[in-house]
Amino acid sequence: MRTRGGLSVRVEPRALAVCVLLLALILAAAVVLIGSGDFPVAPADVVATLLGDGTPAQEFVVRDLRLPRALVAVLVGAGLAIGGAVFQTITRNPLGSPDMLGISQGSIVGALGVIVLFQGDATAVAAGGLVGGVLTGAAVYLFAYKRGVHGFRLVLIGIGAAAMLTAVIHYLITKANLVDATRAVVWMTGSLEGRDWTQFWPLLAVSAVLVPVVLAYGRPLRMLEMGDDAAYALGVRVERVRMVLLVSAVLLVASATAAAGPIVFVALSAPQLARRLTRSPGPNLAASALMGAAVLLVADLVATNAFGERRLPVGVVTGVVGGGYLLWLLVSERRAGRI
């Protein structure tokens, strides 16, 4: 598709159809999620309240209590999925996600350090998670750099960093008192419970800056899948593109983790599910973002309603489903001879 100004955009009908369906699923899941809880609200009443035609009680429950949680879920899911798509494309490995490369573990260490060592409040914990993820991403990149960053080397360094940071996590928990240890375990599970506008606005600001940057580098990112030599031949400044994308992906993942805790396997599974649905090569950034948002909303809906009064953190649901997906992915890659 070409505009009058000379800008051309490639539109694939199947990918566009998948994005439209995912957007419809996100809207439907968000409406149902907002209406679920101790004070149930019918979907029609949720829509009417969002349009400004609800009762005062519905306005308070829908707009003040539940809408920010759904919006945080959308931004966290999209941020994790975009970060996962970038990492998987740069490493050219379907297992190259922040969960496997130490970024999530770095955020956990930063947050636990604030909880255990300084007894910080929720804002300080979120800041610690953000700083921990960013520092871990920078360290992995620097250790993997040797006349450029090779995808296989990045994966190996990331796996080593994840193992070391996991040991630090266990050490911090053993050093914590009972109250701090309980608080740390709850945060480590990953949850959207109690999320409000104070988490939404900073996350929206970060996403508004970084998501357009990643999308703008979508075409060079797609060329990186062919290898550094082919990308160089096509005029891509490989190291500059790789650094910008890695920095953006790390910040997105660290911000999402700071807002909701380390919700596992969304970054791993969402890009792969989007690729299989669109049947399109490349990172599929838009489809991945929508898939991540849809996965997290549906998982939170299941965690909230499927177990009666015992509401589970959303990280438990994504962990169970994502673990099964990881086993299936490993078997598929082994059968294909890629691992």
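- Rounding to the nearest 0.5 Å places OG1 of T257 at 5.5 Å from CG of L80.
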Mind running side chain to side chain contact (heavy atoms under 4.5 Å, CB included) on I169 and M188 for me, showing each step along the way?
CA-CA 10 Å; I169 292 169; M188 286 171 55; 3.8 Å; yes
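- Counting only heavy atoms from C-beta outward, the side chains of V46 and R66 never approach each other to under 4.5 Å.
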Step-by-step side chain to side chain contact (heavy atoms under 4.5 Å, CB included) determination, L130 to S107
CA-CA 6 Å; L130 178 62; S107 293; over 6 Å; no
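- Here the CG-CG distance, from L21 to L25, works out to 9.0 Å after rounding to the nearest 0.5 Å.
- Contact check for I157 versus Y141: no side-chain heavy atoms found under the 4.5 Å cut-off.
- A heavy-atom distance below 4.5 Å is found between the side chains of D300 and R69.
- Atoms CG and CG, on L117 and L112 in that order, are 9.5 Å from each other to the nearest 0.5 Å.
- A distance of 13.0 Å separates CG in L268 from CZ in F87, rounded to the nearest 0.5 Å.
- The minimum heavy-atom distance linking A294 with L22 is given by the pair CB-CD2, 4.4 Å.
- Taking the salt bridge (charged side-chain N to carboxylate O under 4.0 Å, His left out) definition, one finds that R63 meets it with E59, sequence neighbours left out.
- One hydrophobic cluster holds both V213 and L251 under the rule that ILVMFWY side chains link at heavy-atom gaps under 4.5 Å.
- In this structure, R14 places its CZ atom where more than 12 heavy-atom neighbours from other residues, nucleotides or ligands lie under 6.0 Å away.
- Scanning all heavy atoms of the two residues, the minimum distance from G79 to V253 falls at O-CG2, 4.4 Å.
- Atoms CG and CD1, from L165 and I108 in turn, are 9.0 Å apart once rounded to the nearest 0.5 Å.
- The line from CG of D45 to CD1 of I34 is 13.0 Å long, rounded to the nearest 0.5 Å.
- At least one side-chain heavy atom of L285 sits less than 4.5 Å from a side-chain heavy atom of P283.
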Yes or no on side chain to side chain contact (heavy atoms under 4.5 Å, CB included) for Q119 and V179, after CA distance, side-chain angles and deciding distance?
CA-CA 10 Å; Q119 291 76 44; V179 174; over 6 Å; no
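- Between the side chains of T123 and D121, no donor-acceptor pair of N or O atoms lies under 3.5 Å.
- Using cut-offs of 30° and 60° for the angle between ring planes, the W201 and W197 rings count as parallel.
- Considering all non-hydrogen atoms of both residues, A29 and V298 come closest at CB-CG2, 4.3 Å.
- Taking every heavy atom of both residues into account, I263 and G190 meet most closely at CG1-CA, 4.0 Å.
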Under the side chain to side chain contact (heavy atoms under 4.5 Å, CB included) criterion, do V140 and T136 qualify, and how do the steps go?
CA-CA 6 Å; V140 169; T136 302; 4.3 Å; yes
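- Between A293 and V74, the closest heavy-atom pair is CB-O, 3.7 Å.
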